[in-house]
S.K.: 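Submitted below is the structure of interest, expressed as structure tokens.
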Amino acid sequence: MKRYSPKDIENKWQKKWDAEGTYTVNLDSKKPKYIGFGMFNYPSGAGIHVGHVRNFTIPDIMTRAKRQQGFASYQPIGWDSFGLPAENYAIKTGVSPQESTKTAIKKYHEQYKALGWSVDWTKEINTTDPSYYKWTQWVFTKLFEHKLAYQQESPQWWCDQCKTVLADEQVLSGKCWRHDGSDDPLVTKRNLKQWFFKITDYADAMLDATDDLDWTQSVKASQQSWIGRSIGAEVTFTVDGHDKDLTVFTTRPDTLFGATFIVLAPEHPLVDVVTTGENRVDVTTYAKAAITKSEVQRQQDADKEKTGLFTGAFAINPVNGKKVPIWVADYVLMGYGTGAIMAVPAHDVRDNAFAKKFDLDIVRVIANEEADDACTHAEGVLINSGEYNDMPSAKAREQIVTDLQKKGLAQEKVNYKMRDWLISRQRYWGAPIPIIHCESCGPVAVPEKDLPVELPHIENYRPTGGNVSVLAGVEEWVNAPCPKCSGPGKRETDTMDGYVCSSWYFLRYMDPTNNLEAWGKDRVHHWAPIDFYNGGDHATAHLLYARFFMHFFHSLGLVNTTEPFKKMIFNGKIKAGDGSPFSKSKGNGIDPLAVIEQGYGADAIRLYEMFAAPVELDVLWDEQGIPGAYRFLNRVWTITQEFLDAPKKQSNDNVIADIRMIEHKAIEKVTDDIDGVRFNTAIAALMEAVNGLYKLKGDGQLYNNDVWQAAIESILQLLAPFAPHITEELWSQLGHTDSIHINHWPKFNPDYLTLDTVTIVVQVNGKLRAQLQLPKDSDKDVVLTAAKADENVKEYLAKGTLVKQIYIPGKLINLVVS
RNA sequence: GGGCGAGUGGUGGAAUGGUUUACACAACAGACUUAAAAUCUGUCCCGCUAAAAACGGUUGUGGGUUCGAGUCCCACCUCGCCCACCA
């Protein structure tokens with residue numbers, strides 16, 4: 001009897017699949033399509049660790065199951081290979097990013113193939129390939145053409161270690177997302193002219209669509225909180241003694257009568273205008289200090305004491321004509337709303353803290369039971385609000401705005417936390433922004449026929465540290481004629497944020513070798529949206545950007561769906577045994593190749609990681625887990641070998657029924673569980689089935705006949721998405737010459753699950769007192785009589801009078817005694 | 001502070017409102033073996049019991065709905081994640 005030895009079979013089948021194109025999909029296939037994959041991977045020098053194995057095995061199982069079920073199933077592969085690690089490596093070693101990226105990808109090829117992922121290698125893409133970024137640049141020019149790419153000079157986050165600006169989303173708690181350690185400095189602000197994508201144009205559309213997405217709930221919640229829609233109103237106050245209006249944004253216009261002061265952000269243009277003589281020096285100093293502190297630092301210590309100063313000026317509250325003082329404070333942000341607020345200390349915690357510190361009036365306008373100087377957001381009935389008294393707050397909110405609107409003093413307004421997407425980066429290793437600045441025409445997009453704007457090869461990658469990328473020093477590249485007037489022009493020397501490349505790649509997967517267009521419409525109409533997508537973190541920015549692009553492409557008629565990812569799963573992480581995350585910097589990542597090398601094989605790693613916990617939960621790496629999975633595979637191997645060696649003989653009817661029951665229970669459960677991405681219980685069901693067959697084997701009932709063969713083959717087919725190598729090997733040993741992985745999925749027959757007798761649970765007052773074996777369609781009366789005849793049940797019935805009998809057919813009886 | 005989610009054996013985890021603890025890991029015992037590994041079989045929530053059956057208890061805590069609650073409702077405690085001076 002052959003022994004299970006992964007080393008002997010895994011590599012053999014990987015080569016065969018490659019040679020035969022087992023996982024190569026025909027993009028024009030007439031079969032129903034299915035496309036799924038994990039989030040784009042960045043090929044770092046370190047390669048993948050066992051945590052990544054989970055991220056990519058999950059979509060592998062989904063696409064494998066569909067391929068077996070007769071779909072044209074496509075698991076694409078590609079590399080998100082622009083970015084700082086390769087550039088920094090180049091600075092350190094002089095090896096070009098082009099070179100080191102190639103080397104890194106080679107290592108990834110080895111690892112991916114060793115894990116048996118069913119990716120279509122013939123359609124591999126790479127964002128740093130000019131034939132790819134040509135189309136990234138084309139996307140930019142489309143946005144530019146539709147005024148959704150624009151330049152603006154404004155203060156931007158600058159990471160002194162990356163030597164580039166960062167998008168808002170790449171700043172976490174005041175630090176760069178790549179440099180957020182405790183030793184790393186806070187990001188600073190630099191005033192630069194930068195390129196933005198106007199993602200805010202789609203804020204509403206994306207938010208509205210979020211609710212209906214079939215995505216992990218927490219990921220959807222992140223999308224919603226990032227977009228951050230607030231519905232409210234802008235209300236205009238006038239500055240006392242000036243001819244100036246002062247507009248504030250509020251979500252609670254119903255509390256307008258409680259507005260006892262106004263707060264301006266330090267950057268607010270009116271600060272300079274309204275501040276009175278004796279306050280001017282102090283206010284200007286405060287405002288200057290606050291502005292240099294930067295928004296992030298101001299937000300960072302949210303718990304700190306509020307600071308601020310009185311400007312000496314007053315504003316007139318439009319609802320009651322009352323004069324309220326105007327203050328300056330850094331807790332109000334210029335970047336949100338109007339940069340000015342009406343402070344309602346009775347009903348807003350921040351305003352409350354401020355009022356208490358500076359001894360300002362607190363006027364309650366919503367009735368409640370709290371202490372006088374307490375603060376609550378609660379809705380209620382208005383008080384101290386003139387003609388609006390006794391009105392419910394929700395109604396007053398509308399009424400007050402309507403009334404003020406008639407006088408031109410208010411209007412409904414929606415605000416978003418999301419800002420436009422800053423895409424300029426002052427670095428070398430990115431896709432160049434395809435713009436030529438012309439003195440007479442301004443910024444002009446490079447026409448499609450001249451794309452790609454290729455990155456020039458350079459000698460020294462070290463960033464200048466100034467405000468421009470090293471590309472600015474490559475004169476022969478920078479100087480280019482204006483595409484419009486042919487006059488002298490200069491190329492834009494900033495490159496694009498890597499997220500631009502990774503926010504449309506899924507469309508390129510659908511038409512990866514097209515030289516004429518980014519994608520053919522027909523191809524994308526057929527293959528979009530992505531049926532299954534998963535990632536190991538919330539990736540809120542990536543998902544927002546990808547959705548924005550898709551909405552945009554849809555508005556141009558370039559795609560036929562607005563949402564890129566139909567089903568999106570957030571999978572938990574694999575963590576080290578002590579609960580710390582696996583990380584490249586700590587060097588505690590376990591290389592899956594090492595585990596394979598130990599002799600356990602790729603199938604065991606895959607199976608263990610899928611079995612350990614539900615996909616959305618974190619898993620602590622358990623050294624014992626792999627041997628456990630290996631043990632199960634070994635049992636599958638053994639029973640197949642023993643079947644092949646068993647005497648040829650038909651089984652008796654009872655055994656046939658048992659085998660079919662085991663087989664079809666598994667078919668039903670595993671098919672359903674894979675569909676619902678419940679891999680741990682699917683694997684448990686397979687273990688149960690194999691245990692069941694082992695029991696029959698132990699009873700001397702294993703024979704080589706068609707019923708046994710059918711059961712074993714069904715189990716192999718169900719196991720194939722999880723453990724592709726061993727199942728392919730055993731499939732061939734069973735005499736098949738085709739691959740188990742294409743068009744082989746067992747058919748479920750519910751008839752085999754029906755039993756002649758059923759177990760009826762008998763409860764008395766909800767407690768289990770007996771179990772009865774009865775013919776499956778027994779009458780209610782027969783069941784009840786049998787139940788009451790049971791000795792144990794009788795005893796409990798005797799303790800009182802029977803008042804009620806609950807009967808769930810085929811399942812349970814509950815006799816209620818009182 | 002806000003939002004989302006989760007608390008079940010020694011451990012990872014199962015469980016359409018209907019037998020709590022499937023499946024596995026670890027542990028223990030037995031078989032095979034000169035021995036070990038591997039493999040196979042069995043035991044494995046707590047209490048009562050010499051042991052078993054029976055019985056009683058048990059899904060973070062306290063209440064509620066129900067014939068019946070891990071599951072639904074309310075309050076509280078703990079943990080995790082995300083957001084956070086966004087008006």
Side-chain angles (χ1 to χ4, degrees), chain A residues 3 173 216-226 228-230 232 248-252 255 259 263 265 295 298-304 306 329-333 335-344 347-351 353-354 377 415-419 537-538 540 570 572-573 608 611-614 616-620 622-629 631-632 634-635 638 669 678 680-691 694-695 697-698 759-771 791-792 795 803-808 811-818:
Chain A
R3 285 195 48 154
S173 306
T216 300
Q217 193 52 42
S218 60
V219 176
K220 282 164 57 164
S222 286
Q223 295 280 295
Q224 285 158 339
S225 77
W226 275 44
R229 178 162 66 192
S230 300
V248 301
F249 173 71
T250 177
T251 54
R252 293 296 299 272
T255 63
V263 187
E295 206 165 318
R298 279 156 58 185
Q299 287 179 21
Q300 220 195 6
D301 15 58
D303 308 331
K304 75 166 187 189
K306 295 252 181 310
D330 65 3
Y331 81 93
V332 174
L333 310 172
Y336 183 78
T338 62
I341 62 157
M342 59 174 221
V344 184
H347 303 288
D348 180 284
V349 279
R350 297 148 304 182
D351 299 345
F354 195 83
H377 285 95
N415 262 311
Y416 302 91
K417 276 195 216 178
M418 186 170 67
R419 317 284 164 89
D537 61 79
H538 278 71
T540 310
F570 165 73
K573 294 175 181 35
Y608 159 62
F611 178 61
E616 64 271 17
L617 260 52
D618 283 348
V619 167
L620 296 186
D622 175 8
E623 305 241 316
Q624 303 294 342
I626 303 261
R631 207 138 48 213
F632 167 67
N634 211 5
R635 280 160 76 85
T638 302
K669 176 79 175 152
R678 292 180 298 267
N680 57 327
T681 49
I683 293 165
L686 285 166
M687 290 173 167
E688 239 174 300
V690 172
N691 290 347
Y694 254 67
K695 185 100 185 138
K697 171 167 89 85
T759 305
I760 304 279
V761 170
V762 182
Q763 298 178 341
V764 178
N765 287 345
K767 288 199 184 298
L768 173 73
R769 296 304 175 196
Q771 296 183 57
E791 284 304 320
N792 201 26
E795 205 174 302
V803 293
K804 197 165 184 180
Q805 17 191 52
I806 312 286
Y807 175 57
I808 311 290
K811 231 179 178 176
L812 170 143
I813 285 175
N814 190 11
L815 302 171
V816 185
V817 170
S818 67

S.K.: When syn is taken as a glycosidic angle within 90 degrees of 0, is B:rG64 syn or anti?
M.R.: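 The base of B:rG64 is oriented anti (glycosidic angle more than 90° from 0).
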S.K.: Quick one: is A:K417 getting a side-chain N or O under 4.0 Å of the B:rC85 phosphate, OP1 or OP2?
M.R.: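 No, no such contact exists.
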S.K.: Counting the atoms with a prime plus P, OP1 and OP2 as sugar-phosphate, which does A:N792 contact under 4.0 Å by heavy atoms, base, sugar-phosphate, or nothing?
M.R.: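 The residue A:N792 makes sugar-phosphate contact but no base contact.
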S.K.: Base, sugar-phosphate alone, or nothing: which one does A:Y694 contact when heavy atoms must sit under 4.0 Å apart?
M.R.: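 Counting heavy atoms under 4.0 Å across all strands, the contact made by A:Y694 is with sugar-phosphate only.
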S.K.: Starting at OH of A:Y608 and ending at C1' of B:rG13, how long is that distance when rounded to a whole Å?
M.R.: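 One finds 12 Å between C1' of B:rG13 and OH of A:Y608, rounded.
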S.K.: Below 4.0 angstrom from OP1 or OP2 of B:rA87, is there any side-chain N or O of A:K306?
M.R.: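 Checking A:K306 against B:rA87: no side-chain N or O falls below 4.0 Å of OP1 or OP2.
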S.K.: Kindly give the atom pairs (protein nitrogen or oxygen, nucleotide nitrogen or oxygen) under 3.5 Å for nucleotides 64-67 of chain B.
M.R.:
{"from": "B:rC67", "atom 1": "OP1", "to": "A:K804", "atom 2": "NZ", "distance (Å)": "3.2"}
{"from": "B:rC67", "atom 1": "O2'", "to": "A:N814", "atom 2": "ND2", "distance (Å)": "3.4"}
{"from": "B:rC67", "atom 1": "O2", "to": "A:N814", "atom 2": "ND2", "distance (Å)": "2.4"}

S.K.: Which base, if any, makes a Watson-Crick or G-U wobble pair with B:rA14, both distances under 3.5 Å?
M.R.: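 For B:rA14, the partner nucleotide comes out as none, under the 3.5 Å rule.
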S.K.: Would you tell me if any nitrogen or oxygen in the side chain of A:R3 comes within less than 4.0 Å of OP1 or OP2 on B:rU39?
M.R.: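 Checking A:R3 against B:rU39: no side-chain N or O falls below 4.0 Å of OP1 or OP2.
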S.K.: Nearest-Å distance, NE2 (A:H377) to P (B:rC85)?
M.R.: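 Taking NE2 of A:H377 and P of B:rC85, I get 14 Å after rounding.
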S.K.: May I ask you to evaluate whether A:Y336 reaches the phosphate of B:rA87, defined as a side-chain N or O under 4.0 Å from OP1 or OP2?
M.R.: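 For B:rA87, OP1 or OP2 has a side-chain N or O of A:Y336 closer than 4.0 Å.
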S.K.: List the residues meeting salt bridge (charged side-chain N to carboxylate O under 4.0 Å, His left out) with A:K573, not counting sequence neighbours, and say none if there are none.
M.R.: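 With neighbours one apart ignored, the set is empty.
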S.K.: How far, in whole Å, is B:rC72 from B:rG18 if one measures between their P atoms?
M.R.: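 11 Å, rounded to whole Å.
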S.K.: Rounded to the nearest angstrom, tell me the gap between atom CD in A:E616 and atom C1' in B:rC81.
M.R.: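 Answer to the nearest Å: 13 Å.
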S.K.: Taking 4.0 Å as the cut-off, does a side-chain nitrogen or oxygen of A:S230 come that near to OP1 or OP2 on B:rA87?
M.R.: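 So the side-chain polar atoms of A:S230 do come within 4.0 Å of the phosphate oxygens OP1 or OP2 of B:rA87, strictly under.
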S.K.: Side chain of A:Q217, heavy atoms from C-beta onward: which of B:rC82, B:rC4, B:rA87 has the nearest atom to it?
M.R.: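 Taking heavy atoms from C-beta onward, the closest nucleotide is B:rC4.
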S.K.: Does the structure place the NZ or CZ of A:K306 under 6.0 Å from the centre of the six-membered ring of A:F354, at an angle of no more than 45° from the ring's axis?
M.R.: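 Judged by the rule, A:K306 and A:F354 form no cation-pi pair.
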S.K.: Return the nucleotide paired to B:rG5: Watson-Crick means purine N1 to pyrimidine N3 with N6-O4 or O6-N4, wobble means G-U with N1-O2 and O6-N3, both under 3.5 Å.
M.R.: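 With both distances under 3.5 Å, B:rG5 matches B:rC79.
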S.K.: Compare the minimum distances between each of B:rG12, B:rA87, B:rA14 and the side chain of A:T251, then state the nucleotide with the smallest one.
M.R.: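 When the side chain of A:T251 is considered, B:rA87 is the closest of B:rG12, B:rA87, B:rA14.
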S.K.: Are any protein N/O atoms closer than 3.5 Å to N/O atoms in nucleotides 24-33 of chain B? If there are, list each pair with its distance.
M.R.:
{"from": "B:rA24", "atom 1": "OP1", "to": "A:N691", "atom 2": "ND2", "distance (Å)": "2.9"}
{"from": "B:rC25", "atom 1": "OP1", "to": "A:R631", "atom 2": "NE", "distance (Å)": "3.1"}
{"from": "B:rC25", "atom 1": "OP1", "to": "A:R631", "atom 2": "NH2", "distance (Å)": "2.8"}
{"from": "B:rA26", "atom 1": "OP1", "to": "A:Q624", "atom 2": "OE1", "distance (Å)": "3.0"}
{"from": "B:rA26", "atom 1": "OP2", "to": "A:R631", "atom 2": "NH2", "distance (Å)": "3.2"}

